[in-house]
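First comes the structure, then the notes that go with it.
Numbers restart at 1 for each chain; the letters A, B, ... are given by sequence-line order, proteins then strands. Values below: every heavy atom of this structure, side chains too, minus hydrogens, waters and symmetry copies.
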2 protein chains.
Amino acid sequence: MPGTENQGPVKISRKDQIETIATALFKERGFSATSMRDLASEIGIEAASIYAHVRSKEEILQSVCFKMAHEFFKELEQIEKQADTHTEKLRQLIAVHVNIITRNVAASAVFLNEWRHLSEPYASDFLQLREQYEQRLRAIVRQGIATGEFVPSDARFVTRTLLSSLNGITQWYKLDGELLPEAIAQNIGDLFLKGLMSHKDDRPKYH
Amino acid sequence: MPGTENQGPVKISRKDQIETIATALFKERGFSATSMRDLASEIGIEAASIYAHVRSKEEILQSVCFKMAHEFFKELEQIEKQADTHTEKLRQLIAVHVNIITRNVAASAVFLNEWRHLSEPYASDFLQLREQYEQRLRAIVRQGIATGEFVPSDARFVTRTLLSSLNGITQWYKLDGELLPEAIAQNIGDLFLKGLMSHKDDRPKYH
DNA sequence: CCTACCGATCGGTAGG
DNA sequence: CCTACCGATCGGTAGG
C-alpha cells in the first residue's frame, strides 16, 4: 500500500504539516511576506519539494480560509436550528465562536486577515460567506429585539462590535494564558447580553 | 524661497500625497503586497521618482505608525491628567479613540495591522508603545475597580475586549455610513460602562 | 522627476 | 524529495 505504509501512529501527513506550518507563518508575517523558501526551511526540505504536496502558495491559503469558514458555518447552522430563546442562541454562538478561535488561533487569524490575498473567484466567494455569516448573526440580534427579548438597539452596530470582540481574541489569546476559553465566552456573553437585556432582567438565565 | 514658492493654496505636498496614497494601499493590500511601482502608478509618476521624496518604502510605514501612536498617546495623557472619575475618563478615552480612528481610518488600520513589517529597532520601539498604551488604559479600569466605581472584573480582559471593539471600527467604518462617530462612541461607552457599573447605577452620568 | 539599470528574491517547473 | 533553473518582479541607485 504505497503512500500509507509509512504513516505510523502519528496521523499528520506531510501535506498537513505544510499547511500547519504555513498557517503559523502566514499569521506571524502575513501571506505576502512569507516565501515558499521560508516555509520550506521551517519544514526542513527544499522549496521545490513543497510542490509535490501542494499546487501553489495560494492553494494553502484557500484551504485554510475555506476550512475555517466551514467550521464557523457548521456551528452557526446548528444553533439556528434549535428553538431556543435569542438570548440563549447568542450565548451559544459566542461560546462556539470562542471555542473555534481558541482551538485554531493561527488559522483564525489567517482566516480573518489574509483572505484578501485570495485571487478571484475565491476572494469574492469568501467575502460572500463572511457577509452571510454576519447577516445571520445580525438576524438573531434583530429577532431578539423584535420579540422584546433585547432592548431596542442598533443590531448592525451590536453585531459588528461583538464580532470585533470575538475575532480580537486571535490577537491576544495564548494557550498558557490565565483565561480559559470557557471564561472568555462567559465574559463576552455577560458583557453583550447585559448590554442587550432590559434593566429588570440584568443577569441572563440559563435553562 | 525655493521649495515653498510652488505650494499655492493647496497645502498638500508631494511627500504628504505619497504618504496618503501609500497608507490607503497599505491598508487595502497590505504593506508587503504593495510595490513601489503600484504606489507610483497610483500617484502618476515613475517608481524611481518616489525616492526623491522618501528614503524607502519602510520609511513611509514608520511615519504612519509612529504618527498614529503619537496621536493616541497625546489624547491619553490629556485624559490621565484631569481629576475626573474613572467612569468619565473611560468614556472620554473611548470618545477620543473613536475620533482618531474615524478621522484616520486607513492610517489606523495600517497602524494596527502593518507595524509588524517594521524592521528593528522600530518594531520593538513600536510594540513597547502599544503595550504601554494598553497598560495605561488598563490602569484606569483597575483603579475604577479598586475605588468601587466599577464592579469587580478582569481588567485585562475588559481592556483587551474594549480595544478590539474600538480597533475593529477600522474594518467597517465608512465616511458615508449610517452611524456618526459620536454615536459609535456613545454606544461603545454605554456597552462597556453598563458592563462595568453596579446594577443600581446602570446609566452612566455626565457632569 | 525621468531613463536606464542592478542584484536579489520571488513563485514555480523540468527532470530525475 | 532534490538539483538546476526560468521569467517576472522587487526595492532601490546612478546620473542627468
Could you tell me the separation between the [atom1] atom of [X] and the [atom2] atom of [N], rounded to a whole number of Å?
{"X": "L61(B)", "N": "dG11(D)", "atom1": "CG", "atom2": "P", "value": "13 Å"}
{"X": "H53(B)", "N": "dC1(C)", "atom1": "NE2", "atom2": "P", "value": "4 Å"}
{"X": "D38(B)", "N": "dG11(D)", "atom1": "CG", "atom2": "P", "value": "8 Å"}
{"X": "Y51(B)", "N": "dC2(C)", "atom1": "OH", "atom2": "P", "value": "14 Å"}
{"X": "M36(A)", "N": "dC5(D)", "atom1": "CE", "atom2": "C1'", "value": "17 Å"}
{"X": "E46(A)", "N": "dA14(C)", "atom1": "CD", "atom2": "P", "value": "19 Å"}
{"X": "F31(A)", "N": "dC10(C)", "atom1": "CZ", "atom2": "C1'", "value": "12 Å"}

Worksheet item: If every non-hydrogen atom of C65(A) is compared with every non-hydrogen atom of F111(A), which pair is closest and at what distance?
Response: O-CD1, 3.5 Å

Discussion item. Quick check: closest heavy atoms across A185(A) and A95(A), and the distance to 0.1 Å?
Written reply: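 So the minimum-distance heavy-atom pair works out to CB-CA, 3.8 Å.
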
Worksheet item: Do K27(B) and V105(B) have side chains that get closer than 4.5 Å, going by heavy atoms?
Response: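 Contact flag for K27(B)/V105(B) side chains = yes.
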
Worksheet item: If you draw a 6.0 Å radius around CD in Q128(A), do more than 12 non-hydrogen atoms from other residues or ligands fall strictly inside?
Response: no

From [options], pick the nucleotide closest to the side chain of [X]?
{"X": "A52(A)", "options": "dC1(D), dC2(D), dG11(D)", "answer": "dC1(D)"}
{"X": "I45(A)", "options": "dC1(D), dC2(C), dC5(D)", "answer": "dC1(D)"}
{"X": "S49(A)", "options": "dG12(D), dG11(C), dC2(D)", "answer": "dC2(D)"}

Worksheet entry | Presence of R37(B) side-chain N/O under 4.0 Å of dG12(D) phosphate oxygens OP1/OP2 |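 Negative; the distance criterion is not met.
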
